[in-house]
*Asks:* 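Quick one: the structure is below, questions incoming.
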Amino acid sequence: MAQQVSLKPVPTGAMRIVGFYMPQRIELSDVKPAGLKAQPAGLQAPQYGVIKLQDKSFTVIVDRPDAGPTKFYVDTNGDSDLTNDPAVDVKAQPYKIQTTEYHLTSGSPQVEIKLNGKLTPVGLGMYIFDKNDSARSQLKNTLLYYPDYGLSGNMAIGGKNYKIMVMDEAASGYFSGGNPLKEGPPSSLLLIDRRGDGNFGIRQDQYDPSKPFNIGGTTYEARIAKDGSSLNLVKSSQTVAEIPLPANLTRGQKAIAFKASTTGGKQVSFPSAYKGKVVLLDFWATWCGPCMGEVPNVVATYNKYHGKGFEILGISLDNKDTAKNVAKVTGEKGMTWDQVCDQNYWQAAVAKLYNVEAIPQAYLVDGDTGQILAEGDAIRGEALGKAVEAALGSKASAGKP
């Protein structure tokens with residue numbers, strides 16, 4: 001029996017809801033696109049690209065002078081005139097390779113496409129690496145971008161209600177499962193919150209709506225309306241296996257215990273080796289810009305609270321080529337805590353155990369109970385120090401007679 005699910009547009013902020021994105025890329029050129037009517041005055045070193053969504057083309061100008069900040073200009077209304085569009089608020093995030101500082105420039109413009117038959121401003125995230133970063137020379141003229149919009153709804157399956165999201169992963173502007181603008185995977189992804197905790201995992205909650213999928217032992221097929229207004233769910237004549245749910249690793253749950261060898265040759269049992277302590281299980285890599293951006297704050301928090309019972313166990317996702325950098329980076333940055341690095345990149349044993357699919361990722365854990373005290377954004381940036389202080393305070397209070 002078919003079920004029709006109404007879908008509502010999520011014009012911006014969808015990436016934060018689902019917790020991941022698949023970056024698309026356009027190669028920038030010094031040549032103006034054909035049909036460009038007008039551009040802002042005072043450009044110093046402009047490069048041009050075009051983003052295509054639905055039947056519209058949006059010209060992008062990235063101005064990258066040798067001296068001064070990088071700026072983004074986007075033809076948000078698609079009229080080929082970049083003088084009548086809102087300014088793009090850009091951020092320059094510093095990152096270091098060895099001792100040289102570079103800047104990752106990002107912005108979040110909104111462009112107009114049709115959702116549910118209505119012209120709607122939707123968010124795009126875009127970023128570009130420093131043109132002087134020789135380690136990323138292959139991306140020197142590449143603008144990376146992703147859709148920050150989607151569709152949301154609620155679906156009833158087997159007597160249970162599930163929150164769902166439909167994402168335009170290929171950034172084509174279409175949700176119906178096809179990808180008319182690009183070769184490659186389908187444009188849309190169907191995400192089903194099977195746990196009912198408001199979170200969407202990358203693997204366990206992700207489905208290709210053009211293929212049958214199994215929920216609760218029954219195989220279904222989903223058909224998404226071309227305008228994104230609805231989804232029809234029908235039982236499939238085919239049978240596929242259900243994707244198993246991984247362990248729940250949210251606040252209040254138990255951390256997964258494991259044993260591993262550190263880079264110093266020590267055997268460590270987590271979390272039992274940290275009795276009486278509060279420990280941060282920190283997933284990172286030397287090649288990860290956002291990870292390295294977090295390092296100064298993590299080091300400062302460690303130095304402030306280590307003497308009071310705070311420990312860290314680092315899990316490096318470096319591969320065979322970059323693992324040699326771990327000792328150097330940790331030494332230079334003052335990361336004096338234990339590190340585990342099996343050189344297996346995203347297939348690192350502990351990372352797979354914790355279903356890590358994006359870094360930085362961290363879990364603050366009580367070494368006595370193994371309970372997860374905080375994770376994700378709750379211990380990112382300045383929030384880490386506050387969470388550690390609160391955890392140590394609670395442990396001290398609990399230990400008083």
Side-chain angles (χ1 to χ4, degrees), residues 9-15 21-92 103-131 139-150 168-176 178-184 187 226-228:
V10 180
T12 61
M15 187 275 286
Y21 63 88
M22 179 64 69
Q24 307 298 310
R25 59 172 63 192
I26 53 175
E27 296 305 316
L28 301 175
S29 169
D30 296 334
V31 180
K32 294 181 183 179
L36 180 61
K37 297 176 182 177
Q39 65 182 26
L43 299 177
Q44 299 180 56
Q47 291 182 296
Y48 304 87
V50 176
I51 293 175
K52 294 183 178 181
L53 293 172
Q54 295 178 347
D55 59 351
K56 303 180 73 172
S57 295
F58 303 94
T59 300
V60 178
I61 300 177
V62 181
D63 194 20
R64 309 169 80 187
D66 291 331
T70 295
K71 296 181 179 180
F72 293 155
Y73 301 90
V74 181
D75 179 21
T76 57
N77 56 15
D79 66 353
S80 299
D81 182 348
L82 276 81
T83 65
N84 60 4
D85 302 283
V88 179
D89 184 23
V90 298
K91 297 180 180 179
H103 289 86
L104 175 76
T105 303
S106 62
S108 303
Q110 294 185 25
V111 298
E112 295 180 346
I113 64 172
K114 284 187 177 180
L115 287 182
N116 289 13
K118 297 180 181 179
L119 199 61
T120 305
V122 298
L124 292 176
M126 55 179 57
Y127 57 98
I128 193 166
F129 288 99
D130 198 307
K131 66 180 181 181
L139 296 174
K140 180 178 180 179
N141 297 313
T142 302
L143 179 69
L144 299 158
Y145 69 100
Y146 57 88
D148 196 26
Y149 56 85
D168 175 25
E169 189 179 43
S172 69
Y174 295 97
F175 293 91
S176 56
N179 189 354
L181 296 183
K182 305 173 183 178
E183 296 181 357
S187 171
K226 186 176 180 179
D227 65 358

*Asks:* Evaluate the side-chain proximity of Val88 to Met126: yes if any heavy-atom separation is below 4.5 Å, no if none is.
*Replies:*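 Result no, sub-4.5 Å side-chain heavy-atom pair not found.
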*Asks:* Using 0.5 Å steps for rounding, measure from the CG atom of Asp227 to the CG atom of Leu115.
*Replies:*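 One gets 9.0 Å once the value is rounded to the nearest 0.5 Å.
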*Asks:* Could you report the tightest heavy-atom contact between Asp130 and His103, atom names first, then the distance?
*Replies:*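 The pair with the smallest heavy-atom distance is OD2-N, 3.1 Å.
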*Asks:* To the nearest 0.5 Å, what is the distance between OH on Tyr127 and OH on Tyr146?
*Replies:*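 Rounded to the nearest 0.5 Å, the OH-OH separation comes out at 7.5 Å.
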*Asks:* Which heavy atom of Gln110 sits nearest to which heavy atom of Gly123, and what is that distance?
*Replies:*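 So the two residues come closest at CG-CA, 4.1 Å.
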*Asks:* What are the two closest heavy atoms between Pro9 and Asn116, and how far apart are they?
*Replies:*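 For Pro9 versus Asn116, the nearest heavy atoms are CD-ND2, 3.6 Å.
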*Asks:* Set out, in order, the CA-CA distance, both residues' side-chain angles and the distance that settles side chain to side chain contact (heavy atoms under 4.5 Å, CB included) for Ile51 and Val60, then state yes or no.
*Replies:* CA-CA 7 Å; Ile51 293 175; Val60 178; 3.9 Å; yes
*Asks:* What pair of heavy atoms forms the shortest contact from Gln54 to Gly173, and how long is it?
*Replies:* NE2-O, 2.8 Å
*Asks:* Rounded to the nearest 0.5 Å, what separates atom CG in Leu144 from atom CZ in Phe129?
*Replies:*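 It is 6.5 Å, given to the nearest 0.5 Å.
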*Asks:* Considering non-hydrogen atoms only, spot the tightest contact between Thr59 and Pro33 and give its length.
*Replies:* CG2-CG, 4.0 Å
*Asks:* Out of curiosity, Ile61 CD1 to Leu143 CG, how far, rounded to the nearest 0.5 Å?
*Replies:* 12.5 Å
*Asks:* Should Thr105 and Pro69 count as side-chain neighbours, where that means a heavy-atom distance under 4.5 Å?
*Replies:*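 No, too far: nothing below the 4.5 Å cut-off.
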*Asks:* Can any side-chain N or O of Asp148 pair as donor or acceptor with the backbone N or O of Met15 at less than 3.5 Å?
*Replies:*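 Yes.
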*Asks:* Determine whether Val50 and Ile26 satisfy the following criterion, side chain to side chain contact (heavy atoms under 4.5 Å, CB included), listing intermediate values before the conclusion.
*Replies:* CA-CA 7 Å; Val50 176; Ile26 53 175; over 6 Å; no
*Asks:* For Leu119, is there any backbone N or O sitting under 3.5 Å from a side-chain donor or acceptor partner on Glu112?
*Replies:*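 Answer holds: no.
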*Asks:* Can you confirm whether more than 12 heavy atoms, excluding those of Lys114, are under 6.0 Å from its NZ atom?
*Replies:*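 No, not enclosed.
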*Asks:* Within the distance-only criterion (no hydrogens, no angle test), does the side chain of Asp79 pair as donor or acceptor with the backbone N or O of Asp81 below 3.5 angstrom?
*Replies:* yes
*Asks:* Atom CD1 of Ile113 and atom NZ of Lys118: how far apart are they, to the nearest 0.5 Å?
*Replies:* 15.0 Å
*Asks:* Taking the six-membered ring for Trp, are Tyr149 and Phe175 parallel (under 30°), tilted (30 to 60°) or perpendicular (over 60°)?
*Replies:* perpendicular
*Asks:* Pairs of donor and acceptor atoms involving the side chains of residues 35-48, under 3.5 Å and at least two apart or interchain, shall be tabulated with distances.
*Replies:*
{"from": "Gln39", "atom 1": "OE1", "to": "Tyr48", "atom 2": "OH", "distance (Å)": "2.7"}
{"from": "Gln47", "atom 1": "OE1", "to": "Arg64", "atom 2": "NH1", "distance (Å)": "3.0"}
{"from": "Gln47", "atom 1": "NE2", "to": "Asn141", "atom 2": "OD1", "distance (Å)": "2.8"}

*Asks:* Is the shortest side-chain heavy-atom distance between Thr70 and Lys131 below 4.5 Å?
*Replies:*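 Contact flag for Thr70/Lys131 side chains = no.
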*Asks:* Ser172 side chain to Ala170 main-chain N or O, any donor-acceptor pair under 3.5 Å?
*Replies:*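 A pair under 3.5 Å: no.
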*Asks:* If you round to the nearest 0.5 Å, how far is CZ of Phe58 from OH of Tyr145?
*Replies:* 11.0 Å
*Asks:* What's the shortest heavy-atom distance between Thr12 and Val122, and which atoms?
*Replies:* CG2-C, 4.5 Å
*Asks:* State, with a plain yes or no, whether a side-chain heavy atom of Asn84 is found less than 4.5 Å away from one of Asn77.
*Replies:*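 The answer is yes; the side chains approach within 4.5 Å.
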